[in-house]
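The block underneath contains the structure these notes are about, expressed in structure tokens.
Computation of the quantities below employed the complete heavy-atom set of this structure, encompassing side-chain atoms and omitting hydrogens, waters and symmetry-equivalent molecules.
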Amino acid sequence: DRYRPRWPSERYVAGVDYAEGKRVAGLHQEQGQLEQITGGTDAARLCAARARARLEAARLADDEGRWADAYATAHEAYLGAAEATVLLLGFGSPTSGKRESVVTTVAHATLKPDTDAMAHAAVQGFLAGLAEARPERGAPTTSADDVTWALDLAGRAVQAVEAAILALP
């Protein structure tokens, strides 16, 4: 039967498009930017747990008024959620200079039925905010509004990958 899944990651889960995620990851694999791995599900669980911990750390920094730290830590949580998604598909996170672009592109393809948190515009927004908050440029310009946006975006990304992991058979 041509509609029968060949492996668990091909199954459709509401809000997760494994087939599209695998397709996009495969394109990056062809370009030498990703490699298939075994044990990706366990690694994805650990990575998602680290992303959740980073998100909580970002919230604490926000509560203390350390906005640049909160923003940067929310970005780490966001990137961790993207990496967990890549691992969930059975691919290792790249170590190349295009790491962020690769993992967020694959995560967006996989999670877009559930969230737009990994969309290109969101990624670019995060990067622009990080550039503004560099210490070498003087006083950080990260505002409370910037942090609220970053925490919301990272929270949606972490929640989406956690839901994808929980939906696994």
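In this structure, NE2 on His75 lies 12.0 Å from CZ on Arg54, to the nearest 0.5 angstrom.
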* When you look at Asp17 and Thr110, which way does the side-chain contact (heavy atoms from CB on, under 4.5 Å) test go after all the steps? -> CA-CA 5 Å; Asp17 191 343; Thr110 308; 5.9 Å; no
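Evaluation of the side-chain hydrogen bond (donor to acceptor under 3.5 Å, both in side chains) rule for Arg50 yields no partner, not counting sequence neighbours. The side-chain hydrogen bond (donor to acceptor under 3.5 Å, both in side chains) test applied to Gln29 returns no partner, not counting sequence neighbours. For Glu64, the side-chain hydrogen bond (donor to acceptor under 3.5 Å, both in side chains) partners at least two apart in sequence or on another chain are Arg66. Checked against ring-ring contact (aromatic ring centres under 6.0 Å, His included), Trp149 has the following partners two or more places apart in sequence or in another chain: Phe126. Residues satisfying the side-chain hydrogen bond (donor to acceptor under 3.5 Å, both in side chains) criterion with Thr41, sequence neighbours excluded, are absent altogether. Every residue meeting the salt bridge (charged side-chain N to carboxylate O under 4.0 Å, His left out) condition with Asp42, not counting sequence neighbours, appears here in chain and number order: Arg45. For Thr105, the side-chain contact (heavy atoms from CB on, under 4.5 Å) partners two or more places apart in sequence, or in a different chain, are Val24, His28, Ser101. A search for side-chain contact (heavy atoms from CB on, under 4.5 Å) contacts involving Ser143 returns Asp145, Asp146, not counting sequence neighbours. Shown here are the side-chain contact (heavy atoms from CB on, under 4.5 Å) partners of Ala84, two or more places apart in sequence or in another chain: Cys47, Ala48, Val161.
Of all heavy-atom pairs between Ala57 and Thr73, the closest is CB-CG2, 4.0 Å. Between Leu111 and Ala164 the shortest heavy-atom distance is CD2-CB, 4.3 Å. Between Ala157 and Tyr78, the shortest heavy-atom contact is CB-CD1, 3.9 Å. The two atoms that bring Ala154 and Leu55 nearest to each other are CB-CD1, 3.9 Å, heavy atoms only. For the pair Ala51 and Ala81, the tightest heavy-atom approach, listed with the atom from each and the gap, is CB-N, 3.7 Å. Nearest heavy-atom pair, Ala44 versus Ile165, reported as atom, atom and distance to 0.1 Å: O-CD1, 3.7 Å.
When hydrophobic residues (I, L, V, M, F, W, Y) are linked wherever their side-chain heavy atoms come within less than 4.5 Å, the members clustered with Leu87 are Ile37.
With a 4.5 Å cut-off on side-chain heavy atoms, Val147 and Asp62 count as touching.
More than 12 heavy atoms of other shown residues, nucleotides or ligands fall within 6.0 angstrom of atom CD in Gln31.
Counting only distance, with no hydrogens or angles, the side chain of Lys22 and the backbone of Leu89 share a donor-acceptor pair below 3.5 Å.
Pairs engaging residues 80-89 under the salt bridge (Lys or Arg N to Asp or Glu O under 4.0 Å) rule: Glu83-Arg99 [sequence neighbours left out]. Counting only residues at least two apart or on different chains, the side chain to side chain donor-acceptor pair (under 3.5 Å) pairs with a member in residues 157-168 are Arg52-Glu162.
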